[in-house]
*Asks:* 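The following block contains the structure, expressed as structure tokens.
Indexing begins at 1, ligand by ligand and atom by atom, following the structure's order. Since we're looking at a predicted model, the values are computed, not measured.
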Amino acid sequence: MRPFYDNGSFVEIYETNHSAFSYKRSEVIKNFLENKKIKVKNCLDLACGTGLFLNNFCKTCDLTGMGLDFSEKMINFANKNVNNKNLTFLLGDMTDFSINKKFDLITCNYNSINEILDDQKLNNMFICCYNHLNNGAFFMFDFNTPRKYIEGKKYNYYKEKDFNMVAERIKEKNNLVLYNYHIYKKTHNNTYIIENTQMYEKFFEPKYIKKLLKNNGFKKIRFLDENFKRTNVKKLKRIFVVCKK
Ligand SMILES: C[S@@+](CC[C@H](N)C(=O)[O-])C[C@H]1O[C@@H](n2cnc3c(N)ncnc32)[C@H](O)[C@@H]1O
């Protein structure tokens with residue numbers, strides 16, 4: 001199946017309403033490493049999207065980075081727009097990758113793992129991550145929990161200069177959620193082109209993720225809030241994970 005982000009013009013408008021998240025992640029992760037006096041020389045960012053996180057993180061931390069995403073449009077966007085000789089962007093599936101290199105840090109941001117709908121593939125992703133980490137190196141990611149569809153909004157509206165967007169969320173069985181996106185793109189003569197796309201996400205129970213990480217050898221598994229503070233994770237719609245090989 002064609003990756004969702006290769007449809008329509010989602011990639012071109014992606015950074016309009018997603019960039020704040022990437023900037024914050026790079027700051028929080030950078031502060032975490034600095035506070036713990038951990039020096040990382042390289043980072044692999046899985047599901048790297050437009051490359052914004054990696055670019056910002058590697059600039060401020062002075063390290064080399066590799067981004068991997070299975071959307072050709074995302075990788076093309078990153079290669080065209082990120083101008084940083086220390087970064088490379090590769091087309092690939094994070095649930096089944098083999099790079100002849102090991103990393104001090106692997107990241108996967110913005111609930112990208114929720115786009116993996118098959119449990120076996122998620123398990124495989126964790127195995128691949130483990131195999132590509134140096135001993136004692138970190139794996140950091142975030143995921144949406146079922147609380148998101150208990151508490152989250154059913155509709156989100158985005159009004160921008162060049163487009164409007166409505167995102168509708170429909171809860172289905174087995175922790176699956178369907179998102180219907182309706183994008184109204186403004187044309188040069190002030191009429192609108194409508195694009196309709198849809199994608200699924202699977203929301204994960206925290207204890208399921210913890211068990212999967214443990215079974216694959218990860219240690220020191222911490223479930224944290226967006227500022228990497230310990231909290232009652234039962235209340236969180238999105239959990240940030242830090243663990244080690
Ligand atoms: C919500 S976006 C997040 C992008 C980026 N991490 C960020 O923080 O902006 C989800 C990304 O995951 C990618 N993705 C989803 N499943 C993937 C897979 N199996 N392998 C590689 N990339 C995947 C999508 O193509 C998309 O770029």
*Asks:* Backbone N or O of Asn114 within a donor-acceptor pair of the Asn111 side chain at under 3.5 Å?
*Replies:*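 Checked: no pair found.
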*Asks:* Under 3.5 Å, side chain of Asn144 to main-chain N/O of Arg238, donor-acceptor pair present?
*Replies:*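 Flag not set: sc Asn144 to bb Arg238 has no pair under 3.5 Å.
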*Asks:* For Lys154, does the NZ atom sit with more than 12 other heavy atoms under 6.0 Å from it, leaving out its own atoms?
*Replies:*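 Yes - once you tally the heavy atoms of other residues, nucleotides and ligands closer than 6.0 Å, there are more than 12.
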*Asks:* Output all residues satisfying side chain to side chain contact (heavy atoms under 4.5 Å, CB included) with Tyr23, sequence neighbours left out; order by chain, then residue number.
*Replies:*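 So Tyr23 forms a side chain to side chain contact (heavy atoms under 4.5 Å, CB included) with Ser19, Leu52, Asn56.
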*Asks:* Tell me which residues fall inside the under-4.0 Å heavy-atom shell around ligand 1.
*Replies:*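 Those residues closer than 4.0 Å to ligand 1 by some heavy atom are Tyr5, Tyr14, Ser22, Ala47, Cys48, Gly49, Asp69, Phe70, Ser71, Met74, Gly92, Asp93, Met94, Thr95, Asn109, Tyr110, Ser112, Glu115.
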*Asks:* Please table the atom pairs, donor to acceptor, closer than 3.5 Å between any side-chain atom in residues 98-110 and protein atoms at least two apart or in another chain.
*Replies:*
residue : atom : partner : partner atom : Å
Asp104  : OD1  : Asn134  : ND2          : 2.9
Asp104  : OD2  : Lys41   : N            : 2.7
Thr107  : OG1  : Asp45   : OD1          : 2.7

*Asks:* My understanding is that only residues two or more places apart in sequence, or in another chain, count here; which of them pass ring pair (Phe, Tyr, Trp, His ring centres under 6.0 Å) with Phe240?
*Replies:*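 Testing Phe240 for ring pair (Phe, Tyr, Trp, His ring centres under 6.0 Å), a comparison that skips the adjacent residues, returns none.
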